[in-house]
Amino acid sequence: MTYALPIQSGPAFRADVRGLVRQHWRHLVPLLIWHGLAVAMGVVAVTLFGIVVDESTRAAWDAAWRSVIVVAVCVLGQALFTVAAESAGFRLGEGLFHQLRDESVTGLLEQPLLDMESATVGELTSRVADDVDDVSDAVKVGFPEALVATVTLVFATSAAFVINWRLAPAFVLGYVWLVAATVWYVKRSTPAYDAELRAHADHNGAVLSAVRGARTVRQLNLGSWLATRISRRADAVRAAEYHTLFLQRRWFPAAQAAYYLPSALVLGWGGFLVARDLASVADVVALALYSQMIVNPLDDLLYWTDQFQMASRAFRRSRGFARSRAADGPGEPKRVAAQVIIDDASLEYPGGHHGIRDVTERFEPGTWVGVVGPSGAGKSSLGLLVANLVPPVEGRVEIVGEESGQARVLYVSQEGYVFAGSISDNLRLADPSATDDDIQEALTAVEADGWVADLDDTTATTVGMGGEPLTLAQSQQLALARVWLARPDIVVMDEATAALPVDQAIRVEQAVRRRLSRAVVVAIAHRLHTVQAADRILVVDGGRITQEGTHTSLLEAPGLYAGLWAAWNRSRGAVKPGQ
């Protein structure tokens, strides 16, 4: 079984774009209107300038001055409409940027656990940061500029045929060359940009890992090895970018030739038509100015066609798992009395390694279940099944509530992750409405109130990255305080108190158990004393549940548990009390 973050399919991409257009039409329509008016003013100004030239050659000065005034008004109107259009474009871009990032982060956090763990840090961050930035730039800047370029080309081409249909073909002949060169490029650039984005994600991941593990790198003298690893990722980025540049070096010259071909054709063919009274000087001047007027729009369109290739790939990556918060429905899920049903389920990791097999269990509300066994036996895999974080490859896992509503499920690992922010911020992640008294109660319950009170700013102290360093035991206490505040319906504690002294771990787990009297509490433990009071103990060995019962019944039966208990007590004899 393989795990990878998804990329949005082509049909889903088109449907998503249509949906976003429908959502943001209030900003899109003004954008189209203002840009359309700005381009129209520009085309009218150019047409009138040709008339000014023609009237000047005939010494019709009064008419020429009137045309000049109108040209000035058109230029001023074009400037005002352009400002309004750019303002509408930035409102559209910022609104879309906020939505894309919010939905991408929401969807990413709901990805299957193994998919998340198998992805690199660079891949995760690039999906919700760099990719969304690329899309936002394309919408805020690229879309308006491409829109202006397209509308300008349409208006100018239409005006050319209205002014003189005999001269107009010379004006549009360069488009054919441009379209042919662009089609050649687009076919080859899409996979090239996909490879470039992946290479950047791998490189970013290597750099982030080096920064986060700087202390370990220094302690183990791994600097040279890590620098070589990052250098190889940088070489891959360079190779990917060289390939896209190789395509661009062939596309840009061919496309740029189409910029100036219309001017040469209009002047040459126009002179021929003027000599035969089939066109006027004003016609030739207007179309010659049109051919110059479209150079910048063509250049913008050329540039953004290239950038849109990158942006479309970035969009499909960032939206591969995006999910709108609106799908959650109104309000918070009800608190329920939940039970977990596992029916002949097996869990498999990438590479075909089975974590646990053939599990059939039912965990009723208000049950405290201990899970023990040797290292690597499959205890954590069982915890993942109970929390329904990883889908089984066989069988089924179902969480059923006795009341209608969605069960709250928490999985607490032994790492006890601490987020960057104050202690209060860390705890309010579990319950944003928690008061200072609630936070103090939770800290007291997990016996963290003492060391928190000793901090300079107590619960306002900044912890996590860049903040006050915490020990693993303190981090675990904060994680358990979050459990206290969240009051989940199902909680799996995977060695969640492993860094605490045994006596303290027992007290803290029992306090959490009393708090969650209606919940399913599954405590995975290496130290058997912490779960000896559990309602039921499961013994896992070799990826299977080999024994099940209470502490007393398991001690009376021959099997692994009795041996583990004896070994644990022998090891405890060499440990000082309270540790």
Side-chain angles (χ1 to χ4, degrees), residues 7 10 13 122-123 126 129-154 156-157 170-207 230-268 290-318:
I7 295 178
F13 165 71
E123 177 73 7
S126 67
D130 296 342
D131 289 346
V132 175
D133 286 339
D134 288 342
V135 177
S136 178
D137 289 342
V139 173
K140 285 190 295 187
V141 182
F143 176 70
E145 289 191 3
L147 176 65
V148 170
T150 302
V151 174
T152 301
L153 294 175
V154 171
T157 304
F171 176 78
V172 301
L173 194 59
Y175 295 170
V176 178
W177 180 266
L178 180 63
V179 169
T182 303
V183 169
W184 176 90
Y185 173 75
V186 168
K187 287 182 178 179
R188 292 160 178 79
S189 63
T190 298
Y193 277 125
D194 198 17
E196 187 176 327
L197 288 169
R198 288 197 304 269
H200 276 288
D202 290 342
H203 178 259
N204 292 342
V207 173
I230 294 175
S231 178
R232 284 199 298 268
R233 302 291 176 86
D235 289 342
V237 171
R238 180 175 60 185
E241 291 184 344
Y242 274 1
H243 181 57
T244 56
L245 288 173
F246 169 81
L247 297 174
Q248 291 169 1
R249 286 198 302 269
R250 278 147 182 79
W251 179 45
F252 285 165
Q256 287 173 345
Y259 295 175
Y260 307 104
L261 183 61
S263 296
L265 293 175
V266 164
L267 291 174
Y290 286 162
S291 66
Q292 292 302 306
M293 185 179 73
I294 67 172
V295 169
N296 284 337
L298 278 174
D299 191 54
D300 289 340
L301 201 59
L302 187 73
Y303 172 79
W304 283 109
T305 298
D306 179 49
Q307 293 301 305
F308 285 154
Q309 292 295 304
M310 174 77 81
S312 66
R313 298 304 297 175
F315 184 92
R316 292 175 63 179
R317 282 162 50 85
S318 68

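L247 and Y185 get closest at one heavy-atom pair: CB-CE1, 3.7 Å. Nearest heavy atom pair, residue A192 against residue H243, reads CB-CD2, 3.5 Å. Nearest heavy-atom pair across A170 and V266 is CB-N, 4.1 Å.
Taken to the nearest 0.5 Å, the CG atom of L245 stands 11.0 Å off from the CZ atom of R250.
Residues satisfying the side chain to side chain donor-acceptor pair (under 3.5 Å) criterion with R232, sequence neighbours excluded, are absent altogether. In this structure S231 satisfies the side chain to side chain donor-acceptor pair (under 3.5 Å) test with no other residue, sequence neighbours excluded.
Pairs passing the salt bridge (charged side-chain N to carboxylate O under 4.0 Å, His left out) check and including a residue from residues 234-243, sequence neighbours excluded, read D235-R238.
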